[in-house]
Structures are given as structure tokens and as C-alpha cells.
Amino acid sequence: MADKYEKVLELAKRRGFLWNSFELYGGTAGFYDYGPLGAMLKRRVENIWRDIFVINEGYYEIESPTIGIEDIFIASGHVGGFSDPLTECQECHEAFRADHLIQDITDNPDTLSADEVSGLIKSNNIICPECKGALGDVYEFNLMFKTNIGPGGKRAGYLRPETAQGMFVDFPRLVKFYRDHLPFGATQIGKTYRNEISPRQGVIRLREFTQAEAEIFIDPRVKTHPGFSEVSDIKLTLFSQEGQDTGKSEIITLGEAVQKGTIAHEFLAYCIARTHQYLLRVGISPDKLRFRQHMKDEMAHYAADCWDAEILSDRFGWVETVGIADRTDYDLKAHARQSETELTVYVPYDKPKTVTRLAVKPDMGVLGPRFKGKAGKIVSALKDLKLKDLTGDFIELTIEDEKIRIEKELVDVGSVTEEIHGENIVPHVIEPSFGIDRIIYSLLEHAYFEEEVEVEGKKEPRIVLRLPPEVAPVQAAVLPLLTKEELIKPAREITESLRKKGILTAYDDSGTIGRRYRRNDEIGTPYSITIDYQTLDDCTVTIRDRDTMKQVRAPLEGIAGNIYDLLYSGSFREWC
RNA sequence: GCACCGAUGGUCUAGCGGCUAUGACUUGAGCCUUCCAAGCUCAAAACCCGGGUUCAAAUCCCGGUCGGUGCACCA
């Protein structure tokens, strides 16, 4: 029996939304083409994301290479941690995580090489937990695609497994672009690559897919959001850690969720709100959407809190589509360490702080000539000393295993009072990360309806994609009622005027009018404009609404502007 | 990566060693037609790939690819 997944994919394939890539050559798992309608749909879904996060939130978009150099992924942990050591049973061919099997034998299995793990399995006689068979050699499976940069294979490169690193790596430039002010954010929409072991489920798990990510850098001490009051009344379904323990999700306002501490702070809750609004706007059904909190053991150790937007799919159940995490300062610190560059923002205090501190001023006129090359080290060692170490007749230091005594008189010790106007801090990162392809599949599934239409007493089947007009690839269809030159001519003119307005318009004069309506219903075209003989008399046309199949007569004058308004603001009902 | 199941026009499908490979829908050209796929004429379009068995393979066998399912994996 065909389930919804099958029906949606069949339609998507047949009408040019989604195609298996490389089909001519037999295809390859994990790659999909967006056909003519799919690509347009995807563009529109991405543009709504831009509208929300780039235009309205002000998180400018950047574009970094899809290939990254090795340092980036050493810092991010993908080189070391984005792979799993696997071993297979020779008897029953079950695959196991090798590091899990030797957990009790060694303290830190993650630090061992595949060969070392193989050795441990052999020397400890570890056998298949399922059937007690012998285990095969351990092999590393890294989910990143590796390549070489330039000839000679000297420089390793990797296809990026997420777009996020691009924003982290550009952090120093971004700080300057935003003129040293927190919070600020950068976004990126682009292709990402993971060499999945077993990609399946259509477009749900791909080897090349599209992410839309925002990295928002905030002051770790200020996790409130100035716009929170605008969204605090939004009600949504939360599936918290507690809820998961008891198996219950709850519908609650964001204000309440923050107050109760369910969501860690306002800023995260604000991002959840925008995500919620975004998903509804592109066509996700509100009753098939929930936000699930990561369980403690599921969350990365550095994350303060993390919520996934999950969308209910007919076949796959709840599919994780968006991750919204407070990643704290983990990423910036990791890149600071790897690049040996300070990645901080100078944050001024509201009022300068007056600080009294110890000032140690060595007499370099004497110490310099006396210690020559070591003088520099001695000075910095002196400055690190506490007051009690400086009070004796001699000051004692150990520099490179050598004991050094310095007469008290040579070091002037006093206290200095100075004003400090601010400090360098490592921002925390809030990361909403969207899987665009999963969203596309979900909205297609939620928009897909099969219904019976009654026509002159007979029931006719109808397939209709109830896409929000804003994302529908084809936005209007112009249809002369009959294939007659006198109707075709004005129809062509109307088509032109709609296209000039930027509306993607299909013109169709083949077959009966009913068939053409059905064709357009199936791809989600929101409005069809029909030209009949009355048009020639009184300059009016009919506009048909996809969802209700209702028609209104409307003046030809200003038709393009009216359709535009219908698509982007009004609803059909209000309009007629 | 392992195991099981499957693969025939764009889509769904018949076939079960022997044909010019069913049928429907769809699509294209035209006729007809004053608003919701069903009239008429004509046309286009398929056996996943490679090997083997056989006089003969879409059909049987082996391998691969792709799809589905289960296991494992999914920061």
C-alpha cells in the first residue's frame, strides 16, 4: 500500500521537484537533483529564511568555500571526532562501535588508533556480543569527504560537514564589520557534505545537502533578548527533558517556558520563536511541529541548552529538522587555540572600574646589563609575584632552574590605581541550524492532499499541493478557456504583464480547462486566471483559487498588481 | 557495511524460457468544446547494468547499481 512518502515522492519525481541524481548512469545513493519546480521552491524557502534572519534580524549572510583546510576541522573536532571506529563480526556480520567494546578495558578509547583498538580486541579475546563470533579488523570511518588542495597531495582539504565553521573562521573580520558591538550574527546558506554510511529515506539523509545556519555571538552575561516581549506570548509544543521522561509534551508560551527555566534563557527562546514562525510560514503544519530538548547525555558537553525542531512525517515519525543550541564559547576557544589568535570582543563597562593593583618596577639600568639575555624573563617573573614575595631583603626567583637573588632596592614596589573601561571577552554562540532539504520534504508532505471533488454529481479525484502562495514555484497560470485565437491573444498579453511584475506565470492552452486546473493544482499553483468570451466584452477575467476552487470575476485593469498582492499579502477570501 | 525483498514507456502495471512485449493514465499534434482530468483522429515512449546457462532469457543463475525494510551509524 502506497504511503504518503511514496505518493509525495512519485509526484515530486513526475512533476519535476526531485530527481535522483545521475539517473542516466544508474544513480548514486545520497544525492538528489532539484528539478525545475523543486529548485524554484527551494529558492523561495531559502529566501523566506533570508527575510527573517538576514533582513529582519540583521544577521548578514556570508559565503565561504565549501572546501576547508585541515586546521579548521582539527579545531572543530571533525578530523578526530567525526569518525567512528567500526568492527564487524565475521560470523553474523553485525557491525559494532569498536570503542564501545573496549570501554571497560581502557580509560580513553577515543585516543587510540584503529590498529591499537584491533590489538586490544584480540589480546582481550573480545567476541561478538550477539553471536560470540570472532570480530574483524577495526577500521575508521570518517564522515568527511577528503581531498587534496593543489598538486602533489601535500595539503589536505575537506568538504565542509557544516557551514558553521565559515562564520567562526571569519570571526575577527565579522567583529570589525559589526564595529565591535555584541550581539551580532552571521549566516550562511549553502551546501554541506557528509559521507553517510547508508543514506536512505529520500531527501531526509543526503551526502550533499543544504544547510541554513546562523551563528549569533552574544555577551555571555547578557542572554536576554530585546525583542523577547514580541514573541513571549507565542504558544508552541515543547518536549522538554522532563517531558521526555514522562512521555508528555506540553503546549506552553515561550514566556512561561523561560520563566520556569525549561528553556535556558530568553535568547534561545527568541530563536525558537523565529524558527517556529519560519516553519509555519513555509508551510509546515503547526500540529506536526514540536520542539524537543536534547537530553543531558545527548547534548554536547559544552552546550548550555539545545532544542531541535522536529517535524512529524507520515513514514519517518518525528524528523529532526532544525537544531538550536547555545554552544557557549566552545567554538571560538577551539579556533583561538588552533590558530593561536585571540578571538574576543572588547566590551566596555557601563562605568569604568577603579582598580588598585600592585605595580612592580624593576631598575632595568642595573638588571639589564647584569642578566643580559635573561633580563626579559626575570621582569615578567617579577611582575607575576605576589606582594608577600616582594617584602624581604632579597627577592628570590627561579629562572630556567637557576636560582636568582635580586636586592630589594633594585625593584620598586608600589600600588597603582587605574581606571579600567572594559575587558576582552569570548562571546557565547547561539546557533540555529536548519536542514533545508528536510524542510522541503516535510512541507511537500504537509501540503499534499488527495480529495474527491464533486462535479455535476460525479466524484472526481483531485491531487492538490496546498503550498503557501509565497513558496509555490509557479505562482499563477493563465488559461484561455478555449483554444481560439481571439482568446489566446489577450491571454498572452496577461501572461506578459504578470511576468513583468516578477510573477512566475505558466501559460497553458492545451486540453480541456478542467485538465489544466488539475495540472496546476498538483504543483500547487495558487491562482489561475481564465480568459473567456466575456473578457472580450467587458475586460474582466476569472481568478480561481486553488484551495477552494472558487472563482471571482475581476477587472483586467491592474490584474498583475492584484495577483501580486494576493500572493504576498492578502487571502483570496478577503479579496473577493 | 551486512541481511532480506524488489527493479518492464514519464507514472502505475501484465508477462513467469519461444511475440512485433500487455493495458491504463500521462504527454505531443489536430478536431470538438463557454469553466473543473472521462469525446474523436493520429503520434511518441519501456524490459536497470555486466556476465553465465540455453537453439532461444524481460523471464533461470551469479555479480554490480539503485530503491525499500531490519541491524549498525546519524557531533
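Residue numbers start from 1 in every chain, and the chains themselves are labelled A, B, ... in the order their sequence lines are given, proteins ahead of strands.
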Between CD1 of A:I523 and P of B:rU11 the distance, given in whole Å, is 18 Å

(Q) Determine whether a donor-acceptor pair (one donor, one acceptor, N or O, separation below 3.5 Å) exists between the side chain of A:R327 and the base of B:rA75. (A) no

Here the distance between atom C1' of B:rA75 and atom CD of A:E213, to the nearest Å, is 12 Å

message: Please determine whether any donor N or O and acceptor N or O are separated by less than 3.5 Å between the side chain of A:R462 and the base of B:rC36.
response: no

Is there side-chain contact between A:I263 and A:F291, with at least one heavy-atom pair below 4.5 Å?
no

Result for 5'-nearest mapping on RNA chain B, choosing between A:H294 and A:E522, is A:E522

Checking N1-N3 plus N6-O4 or O6-N4 for Watson-Crick, or N1-O2 and O6-N3 for wobble, each under 3.5 Å, the partner of B:rA43 is B:rU27

Checking N1-N3 plus N6-O4 or O6-N4 for Watson-Crick, or N1-O2 and O6-N3 for wobble, each under 3.5 Å, the partner of B:rA37 is none

For atom C1', what is the distance between B:rU11 and B:rG52, given to the nearest Å? 34 Å

Margin query: With rounding to the closest Å, how many angstrom separate the P atoms on B:rC61 and B:rC4?
Written below: 14 Å

As its Watson-Crick or G-U partner within any shown strand, both distances under 3.5 Å, B:rC32 has none

Taking the same atom, P, in B:rC36 and in B:rU41, what whole-Å distance lies between them? 24 Å

Will you find, in the side chains of A:S313 and A:Y441, an N or O donor that is under 3.5 Å from an N or O acceptor? no

Contact check, residues 509-520 of chain A vs RNA chain B, heavy-atom distance under 4.0 Å, returns A:T512, A:I513, A:G514, A:R515, A:Y517, A:R518, A:R519

Using the 3.5 Å cut-off, write out each protein N or O paired with an N or O of nucleotides 63-70 of chain B and the distance between them.
{"from": "B:rU65", "atom 1": "O2'", "to": "A:G26", "atom 2": "O", "distance (Å)": "3.4"}
{"from": "B:rC66", "atom 1": "OP1", "to": "A:A29", "atom 2": "N", "distance (Å)": "3.3"}
{"from": "B:rC66", "atom 1": "O4'", "to": "A:G26", "atom 2": "O", "distance (Å)": "3.3"}
{"from": "B:rG68", "atom 1": "OP1", "to": "A:Y5", "atom 2": "OH", "distance (Å)": "3.0"}
{"from": "B:rG68", "atom 1": "O3'", "to": "A:R315", "atom 2": "NH1", "distance (Å)": "2.9"}
{"from": "B:rU69", "atom 1": "OP1", "to": "A:R315", "atom 2": "NH1", "distance (Å)": "3.2"}
{"from": "B:rU69", "atom 1": "O4", "to": "A:R200", "atom 2": "NH1", "distance (Å)": "3.3"}
{"from": "B:rU69", "atom 1": "O4", "to": "A:R200", "atom 2": "NH2", "distance (Å)": "2.7"}
{"from": "B:rG70", "atom 1": "N7", "to": "A:R200", "atom 2": "NH1", "distance (Å)": "3.3"}
{"from": "B:rG70", "atom 1": "O6", "to": "A:R200", "atom 2": "NH2", "distance (Å)": "2.5"}

Do A:N520 and A:S528 get their side chains close enough for a donor-acceptor pair, meaning under 3.5 Å? no

In numerical order, the residues of residues 475-482 of chain A whose heavy atoms come under 4.0 Å of RNA chain B are A:L481, A:L482

Taking the inter-plane angle between the rings of A:H335 and A:F168 on a 0 to 90° scale, is it parallel (under 30°), tilted (30 to 60°) or perpendicular (over 60°)? tilted

In whole angstroms, the gap separating P of B:rC12 from CG of A:L11 amounts to 12 Å

A:D532 CG to B:rC36 P, in whole Å, measures 12 Å

Paired to B:rG70 by Watson-Crick or G-U wobble criteria (both distances under 3.5 Å) is B:rC2

Check the orientation of A:F22 and A:F31. Use parallel for under 30°, tilted for 30 to 60°, and perpendicular for over 60°. tilted

Could you check whether A:R14 pairs with A:E522 (Lys NZ or Arg NE/NH1/NH2 to Asp/Glu carboxylate O, under 4.0 Å)?
yes

A:L143 atom CG is separated from B:rA75 atom P, nearest whole Å, by 9 Å

To the nearest angstrom, the CG-P distance between A:D308 and B:rA75 comes to 9 Å

To the nearest angstrom, the CG-C1' distance between A:N195 and B:rC73 comes to 12 Å

Re B:rG18: Watson-Crick or G-U wobble partner, both distances kept under 3.5 Å, found to be B:rC55

Whole-Å P distance, B:rG23 and B:rC42
15 Å

Partner of B:rA7 under the Watson-Crick or G-U wobble criteria, both distances under 3.5 Å, comes out as B:rU65

Hydrogens and angles aside, do A:Q188 and A:S64 bring a side-chain donor and acceptor to less than 3.5 Å of each other? yes

Whether A:R290 engages the ring of A:W318 as a cation-pi pair (distance to the six-membered ring centre under 6.0 angstrom, angle to the ring normal within 45°) should be assessed. yes

Discussion item. For A:Y302, does the six-membered ring have the charged nitrogen or CZ of A:R327 within the cation-pi criterion, i.e. under 6.0 angstrom from the centroid and within 45° of the normal?
Written reply: no

Atom CD of A:Q211 and atom P of B:rA75 are separated, to the nearest Å, by 12 Å

- prompt: Under 3.5 Å, is there a donor-acceptor pair linking the side chains of A:Y32 and A:E208?
  reply: no

- Query: Is A:K223 salt-bridged to A:D326, cutoff N-O under 4.0 Å?
  - Reply: yes

For this session: Is it possible for you to check whether A:R492 lies under 6.0 Å from the centre of the six-membered ring of A:Y507, through NZ or CZ, and within 45° of that ring's axis?
Result: yes

query: Taking atom C1' in both B:rA57 and B:rA21, what distance in whole Å separates the two?
result: 13 Å

- request: Please measure how far the P atom in B:rU22 lies from the corresponding atom in B:rU33, and state the result in whole Å.
  value: 35 Å

| query | What interatomic distance, in whole Å, is found between P of B:rU53 and the corresponding atom of B:rG10? | reply | 32 Å

Per atom distances to the A:R544 side chain, the nearest of B:rC36, B:rC35, B:rU34 is B:rC36

Quantified in whole Å, what is the C1' atom distance between nucleotide B:rA29 and nucleotide B:rA45?
15 Å

Subject >> Under 3.5 Å side-chain donor-acceptor pair for A:S240 and A:Q293 >> reply: no

A:D538 and A:Q534, any side-chain heavy atoms less than 4.5 Å apart: yes

